[in-house]
Amino acid sequence: MKTFRSLASLFSELEEISSYNEKRDKLAGFLENLEPKEVKRAAYLTLGTIGADYEDTDLGIAGKMAIQAVGEAYDEKEKKINKMLDKMGDLGDVVQKIDSKTSSRISIKEVFSALQRIQRASGEGSQGKKIEILAGLLKDAGKLGAKFITRIVLGKTRLGIGEQMVLDSFAVAFTGDSGNKDTIEDAYNKCNDIGELGGSLAENGLSSAKRYSIVLGRPVKPMLAQRVDKVSDILERVQTDEIAAEEKYDGERVQLHKDGDKVIAFSRRLNDISRQFPEIVEAAAKQIKAEKAVLDGEIVAYENGEIKPFQKLMHRRRKHDIEKYREKIPVAVFLFDAIYIEGKSLLKKPYPERRKRLEKIIRPSKRIKLARRKVSTDFQEIKGFFKKCIEGGLEGIIVKSVAKKSVYQPGKRGWLWIKWKKEYAEGMQDTFDLVVIGSYHGKGSRKGHFGALLCAAYNKEKDRFETFTKVGSGYKDKDFPEIEKKLKKHKVREPPPNVRIADAMKPDIFYEPGLVVEVLGANITTSTGHTAGRDGDKGLALRFPRFVSLRPDKKPDDATTIKEIRSIKNG
Ligand code: ATP
């Protein structure tokens, strides 16, 4: 069994490496020598977590509690710890300095189990219990181990490693070829459990990746849509005589898992949002005729037979007063896909068949509806349908391939689904979903707030965030306190290893990738100030950006990718 110290030493080395390939290979070299069960634990810990993406892995330890635990472990006054923290900026670094133990035999498994016990402690007295377990763990772990345990507990490993790099390292470690990463990523998009996937690859090699399918209660990543600039491009992409266009609803993506009377609703980020939408869960249990099913749809605010604007639905994003808001802002779900029915996956079935199966198992009601659509061989009719959707206040349409190969592709943004929105039809730029990685202090009327946010796009191939624009306008007064509150927990002293910022753009405050915002821009140029898809000394840059809204439904790696920006730029 490997010691936790060996994992902490690896983390320490990884922290210092900036080359993507070098980092991936180093991680792969370590994983390769572990037992499958240890691979599972090491993969979670590398990402600073203790379970699958869709599981509740929150350890429930905030900054203050962690400081208390450190005080207990080393018999130090909290005042002193706080002072050191002020100076050093990272509690993990503080712990490494205070701790004097250079060796420790504590295993990865022991650390992992203790973290699980911290997570499970709940109810009365649980805070004290969490602190006690953590203090005991820190005492045993040795200085390097304690440093990374502290960071993991606070949710910031600072290794600059995301899921994509871990998947790539699995390919290298267990198949000997980074070229197998796509196959491994496909499996991950279906299971969303990086630990389990790593463990089974370590045990059975690449063949195990191909066996992943849908399991009830375990969400798959939602399939995504491509965009086109001209309506005629749709025809070119679809390549069938018949075209199916569905109404495009502007709400919240949801995946319903029904098992008998039990229904779980998963968000786009794969969080369980059943408690937020009790009426959907109740209605789904009654109106879905199949015993077991996984269905894809969009929840919208819906009253008196009318779809209400997206802003209304946002008020339902809450943990409290659910009953009150359930009355105040009623919702409905428009279902558009069926990917599992009665024990069988439908992922590989073509869309027309999935749609037929969906229609068969739904009893439409006030809360459960079928996405309305138009199927025609006459493109003029599709255009007419789009016009009607816009007149009816919808965002646009999603054209869905009806070809034989029109399978459901979890997590993929392919040409099987194409979005066509009002904005595109009017020749306007589409918006970008970008990650905030820095901010600049405001001046004049903005004094005391941020003046602009430094926003980055996602470079998926390199698993890192590259700056694309500095957004100084579009904010309403109420946006400042809200954004600042959300950014606070992502604040870091130094830019993390997985962000790229040009010297000229250095912000006043750095943030680790966490908050995603929607930004509208005029056009894309190149600039030495930005690092997005940098070629030579110039990166891609968005001109005249305006803040539109927050995107709490997206994780940093769901942000607009460099590849997408390139394809938008080139038309
Ligand atoms: P994306 O989801 O493509 O990353 P986004 O969240 O900004 O981007 P849009 O680009 O506006 O959303 O459109 C895609 C989204 O539209 C889907 O993720 C889904 O939530 C929603 N949607 C609404 N109606 C449909 C439909 N009939 N079929 C598929 N998706 C739909």
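Just follow the structure's listing: the first ligand is 1, and inside any ligand the first atom is 1.
- Residue pairs meeting the ring-ring contact (aromatic ring centres under 6.0 Å, His included) criterion with at least one partner in residues 538-571, sequence neighbours excluded, are Y475-F547.
- Sorted by first and then second residue, the salt bridge (Lys or Arg N to Asp or Glu O under 4.0 Å) pairs with a member in residues 562-571 read R413-E564; sequence neighbours excluded.
- For the side chain to side chain contact (heavy atoms under 4.5 Å, CB included) with L295, the lone residue among I362, I368, V333 that qualifies is I362.
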N/O pairs closer than 3.5 Å, ligand 1 and protein:
residue: ligand 1; atom: 2 (O); partner: R268; partner atom: NH1; Å: 2.6
residue: ligand 1; atom: 3 (O); partner: R413; partner atom: NH1; Å: 2.7
residue: ligand 1; atom: 3 (O); partner: K419; partner atom: NZ; Å: 2.9
residue: ligand 1; atom: 4 (O); partner: R268; partner atom: NH1; Å: 3.1
residue: ligand 1; atom: 4 (O); partner: R268; partner atom: NH2; Å: 3.2
residue: ligand 1; atom: 4 (O); partner: R413; partner atom: NH2; Å: 2.7
residue: ligand 1; atom: 4 (O); partner: K554; partner atom: NZ; Å: 2.9
residue: ligand 1; atom: 6 (O); partner: R268; partner atom: NH1; Å: 3.3
residue: ligand 1; atom: 6 (O); partner: R551; partner atom: NH2; Å: 2.8
residue: ligand 1; atom: 7 (O); partner: R551; partner atom: NH1; Å: 3.0
residue: ligand 1; atom: 10 (O); partner: K419; partner atom: NZ; Å: 2.3
residue: ligand 1; atom: 11 (O); partner: K248; partner atom: NZ; Å: 2.7
residue: ligand 1; atom: 11 (O); partner: K421; partner atom: NZ; Å: 2.8
residue: ligand 1; atom: 13 (O); partner: K248; partner atom: NZ; Å: 2.9
residue: ligand 1; atom: 16 (O); partner: K248; partner atom: NZ; Å: 3.3
residue: ligand 1; atom: 18 (O); partner: R253; partner atom: NH1; Å: 3.0
residue: ligand 1; atom: 20 (O); partner: E298; partner atom: OE1; Å: 2.5
residue: ligand 1; atom: 24 (N); partner: Y249; partner atom: N; Å: 3.0
residue: ligand 1; atom: 27 (N); partner: E246; partner atom: OE1; Å: 2.9
residue: ligand 1; atom: 27 (N); partner: E247; partner atom: O; Å: 3.0
residue: ligand 1; atom: 28 (N); partner: K400; partner atom: NZ; Å: 2.8

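- Under the 4.0 Å criterion applied to side-chain N and carboxylate O atoms, D53 and R269 are not assigned as salt-bridge partners.
- The nearest pair of heavy atoms linking K470 to P545 is O-CG, 3.4 Å.
- Residue pairs meeting the salt bridge (Lys or Arg N to Asp or Glu O under 4.0 Å) criterion with at least one member in residues 222-240, sequence neighbours excluded, are R227-D229, R227-D430, K230-D233.
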